[in-house]
Amino acid sequence: MKIKQVVLYHLDMPLVHPFETSFGLETRRQCLIIAASGEGLTGWGECVAHDRPSYSPETVGTAWHILEEYLVPAVFETDWEDIEGYLNPLSWVRGNPMARAALQSAAWDLLAQSQGLSLAATLAETYPEGPRERVPVGVSIGIQPTIEGTLLRLDKFLSQGFSRIKLKIKPGWDLELLREVRQKFPEIHLMVDANSAYRMDDLEILKAMDEFDLIMLEQPLSHDDVYQHSQLQKLIDTPICLDESIHSPDQAVWALKIGACRVINIKPGRVGGLWETRKIHDLCQDRGIPVWCGGMLETGIGRAANLAAASLPNFRMPTDNGPTGRYWEEDIIEEEFFLNREDSTITVPDQPGLGVTPSLDRIEKYLIRKKTLAS
Ligand code: OSB
Ligand code: MG
């Protein structure tokens with residue numbers, strides 16, 4: 001496979017509902033979409049970096065730079081047959097996992113299309129059970145202005161059919177919230193995500209969370225820490241899940257070796273791509289550690305890739321990658337993802353490649369800048 005043309009699209013899209021985390025409030029989502037063409041096919045990828053270096057050091061701007069100056073020129077030089085062949089000439093590029101993952105996704109889409117297989121089937125090639133057709137899905141509820149408002153929102157999602165609820169927390173928006181949620185909904189599958197908002201000084205608060213029967217506590221401490229998470233895990237019963245701290249298969253191994261977590265949230269963008277996603281999935285499976293696939297408020301392009309990843313067997317806990325309507329009035333793909341109410345799942349695309357159809361009209365509508373690179 002030789003990629004001959006890559007188009008970069010920088011988009012700015014309005015979210016249906018503002019999303020607040022401990023690192024800030026988002027009402028719009030900027031993203032970078034990639035279309036890579038060669039041999040009569042076009043593969044698509046989405047870069048999940050935000051407009052600001054808040055969740056991660058990467059931004060849409062840094063990813064654009066790395067793609068335009070380094071990744072795309074190196075890929076133009078490469079004739080590859082499989083993902084290892086695609087990745088080899090890029091192995092000198094350090095860091096920048098979100099930029100790397102976006103282009104790698106487009107390569108997977110091309111590969112799967114050329115094989116006439118869905119991305120899920122291509123990813124699951126070596127697993128005897130194959131990909132799952134549906135994956136369980138939960139909902140991530142941002143920080144709301146009031147606890148009352150949160151309870152209403154939570155109730156709405158439960159009645160829509162979501163069976164797992166994740167609440168974003170931060171200091172001052174934690175124990176009282178959990179107490180009221182548990183009082184009203186004693187039985188629900190509940191977890192929290194702190195996006196690195198706590199320090200070891202907050203130990204008493206983190207310990208107090210043990211009484212709320214949480215499935216996990218996601219990324220309580222610093223975004224670049226694993227050591228203190230390992231200390232904390234010894235002092236609390238709630239399983240710690242790492243998100244921000246894991247950027248590679250090696251880091252996942254080290255985190256597990258020191259007991260920094262009992263669950264990993266794998267986001268393909270954060271770990272450098274679907275190849276790395278599968279590596280982490282496998283090494284966790286070998287160690288009896290469950291993984292799940294988080295979301296980054298993706299468009300349908302990134303969502304389709306995440307759902308393909310989430311269909312692998314050790315993605316044993318519900319994904320955050322919810323139905324289209326949770327995020328967008330109007331997505332940039334023709335298809336819509338729906339919640340299957342009866343089993344709280346989303347159906348994984350089964351058509352060749354990503355299995356979704358990007359709409360060039362809508363991409364144009366939300367476009368800030370565009371650049372065509374040719375070999
Ligand atoms: O920490 O999982 C996170 C969104 C943006 C950045 C970080 C996170 C999130 C979410 C949203 O939790 C999950 C979703 O896509 O629904
Ligand atoms: Mg998270």
Side-chain angles (χ1 to χ4, degrees), residues 13 15-31 46-60 97-98 101 135-144 150 153-154 157 160 162 164-170 173 190-198 214-225 229 239-247 255 261 263-271 277 291-307 309-310 315 317-328 331 337 339 344 346:
M13 296 169 63
L15 287 164
V16 162
H17 195 271
F19 192 75
E20 184 168 352
T21 58
S22 61
F23 58 73
L25 176 75
E26 293 168 282
T27 55
R28 304 183 66 81
R29 181 75 168 95
Q30 289 192 22
C31 65
E46 174 167 351
C47 176
V48 298
H50 286 49
D51 53 333
R52 303 179 309 144
S54 49
Y55 168 85
S56 88
E58 285 183 275
T59 66
V60 178
M98 293 176 177
V135 296
V137 62
V139 61
S140 174
I141 302 183
I143 294 165
Q144 307 293 313
T150 311
R153 210 162 154 67
L154 202 162
F157 286 126
Q160 285 175 5
F162 289 97
R164 185 278 268 152
I165 302 288
K166 159 167 147 182
L167 296 173
K168 292 288 189 179
I169 55 166
K170 63 177 182 183
W173 182 258
L190 187 64
M191 58 180 282
V192 291
D193 184 1
N195 289 107
S196 299
Y198 295 87
L214 303 174
I215 308 166
M216 68 188 96
L217 163 57
E218 187 178 343
Q219 196 71 35
L221 305 176
S222 179
H223 69 95
D224 55 3
D225 169 80
H229 281 97
I240 291 177
C241 168
L242 289 179
D243 174 353
E244 280 91 328
S245 293
I246 307 293
H247 302 281
C261 61
V263 183
I264 294 180
N265 170 352
I266 306 181
K267 293 175 179 168
R270 198 195 64 232
V271 302
T277 293
V291 300
W292 60 282
C293 183
M296 294 283 288
L297 314 176
E298 284 88 347
T299 74
I301 293 173
R303 193 167 309 279
N306 286 351
L307 290 171
F315 278 91
M317 294 169 141
T319 178
D320 272 349
N321 287 272
T324 307
R326 273 251 315 117
Y327 308 92
W328 315 112
D331 198 351
F337 289 103
L339 176 70
S344 188
I346 293 222

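Whatever order the structure lists ligands and atoms in, that order sets their numbers, starting from 1.
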Any nitrogen or oxygen of Y55 lying under 3.5 Å from a nitrogen or oxygen in ligand 1? Just yes or no. no

Does E218 have a non-hydrogen atom less than 4.0 Å from ligand 1? yes

How far is atom 14 (C) of ligand 1 from the closest protein heavy atom, and which atom is that? Y327 OH, 3.4 Å

List ligand 1 atoms under 4.0 Å from K168, heavy atoms only on the residue side. 1 (O), 2 (O), 3 (C), 8 (C), 9 (C), 10 (C), 12 (O)

Roughly, to 10 degrees, what angle do D193 atom OD2 and E218 atom OE2 form around the Mg ion (ligand 2)? 90°

Answer yes or no: is there a donor N or O on one side and an acceptor on the other, between the side chain of T27 and the main chain of P18, under 3.5 Å? no

What about F23: any of its N or O atoms under 3.5 Å from an N or O on ligand 1? no

Per-atom filter on ligand 1: closer than 4.0 angstrom to a heavy atom of M296 are 6 (C), 7 (C), 15 (O)

Is the closest side-chain heavy-atom distance between E298 and W328 below 4.5 Å? no

Which atoms of ligand 1 are found less than 4.0 Å from any heavy atom of D243? 1 (O), 2 (O), 3 (C)

Please could you name the atoms of ligand 1 that F19 approaches to less than 4.0 Å, counting only its heavy atoms? 4 (C), 9 (C), 10 (C), 11 (C), 12 (O)

For ligand 1, which atoms have a heavy atom of N195 less than 4.0 angstrom away? 1 (O), 3 (C)

Which of the numbered atoms in ligand 1 are under 4.0 angstrom from any heavy atom belonging to S140? 10 (C), 11 (C), 12 (O), 13 (C)

Without hydrogens or angle criteria, can the side chains of H50 and E58 be said to hold a donor-acceptor pair below 3.5 Å? no

Do N195 side-chain atoms and S22 backbone N/O form a donor-acceptor pair below 3.5 Å? no

When distances are taken from atom 13 (C) of ligand 1, the protein heavy atom at minimum range is G295 O, 3.5 Å

Report yes or no: does Y327 contribute a side-chain atom to a donor-acceptor pair with the main-chain N or O of N321 at less than 3.5 Å? no

Contact check: K267 vs ligand 1, nitrogen or oxygen atoms, below 3.5 angstrom: yes

Answer yes if the side chains of S56 and E244 hold a donor-acceptor pair under 3.5 Å, and no otherwise. no

What part of N321, side chain, backbone, both or neither, has a heavy atom within less than 4.0 angstrom of ligand 1? neither

Verdict with reasoning, R164 to D320, per salt bridge (Lys or Arg N to Asp or Glu O under 4.0 Å): CA-CA 9 Å; R164 185 278 268 152; D320 272 349; 2.9 Å; yes

Nearest-neighbour protein heavy atom for atom 5 (C) of ligand 1, which is reported as residue plus atom name and distance: H50 NE2, 3.8 Å

If you count the atoms of ligand 1 from 1 in the order shown, which ones are under 4.0 Å from a heavy atom of K166? 2 (O), 12 (O)

With Y55 as reference, evaluate K267, E26, H223 under the side chain to side chain donor-acceptor pair (under 3.5 Å) test and give the passing residue. K267

Polar side-chain atom of T324 near backbone of F337 as donor-acceptor pair, under 3.5 Å: yes

May I ask you to decide if L297's main-chain N or O and R303's side chain share a donor-acceptor pair within less than 3.5 Å? no

Kindly compute the distance separating NE2 (H229) from OG (S222), expressed to the nearest 0.5 Å. 8.0 Å

To make sure I understand the geometry: which N, O or S atom in D243 is closest to the Mg ion (ligand 2)? OD2

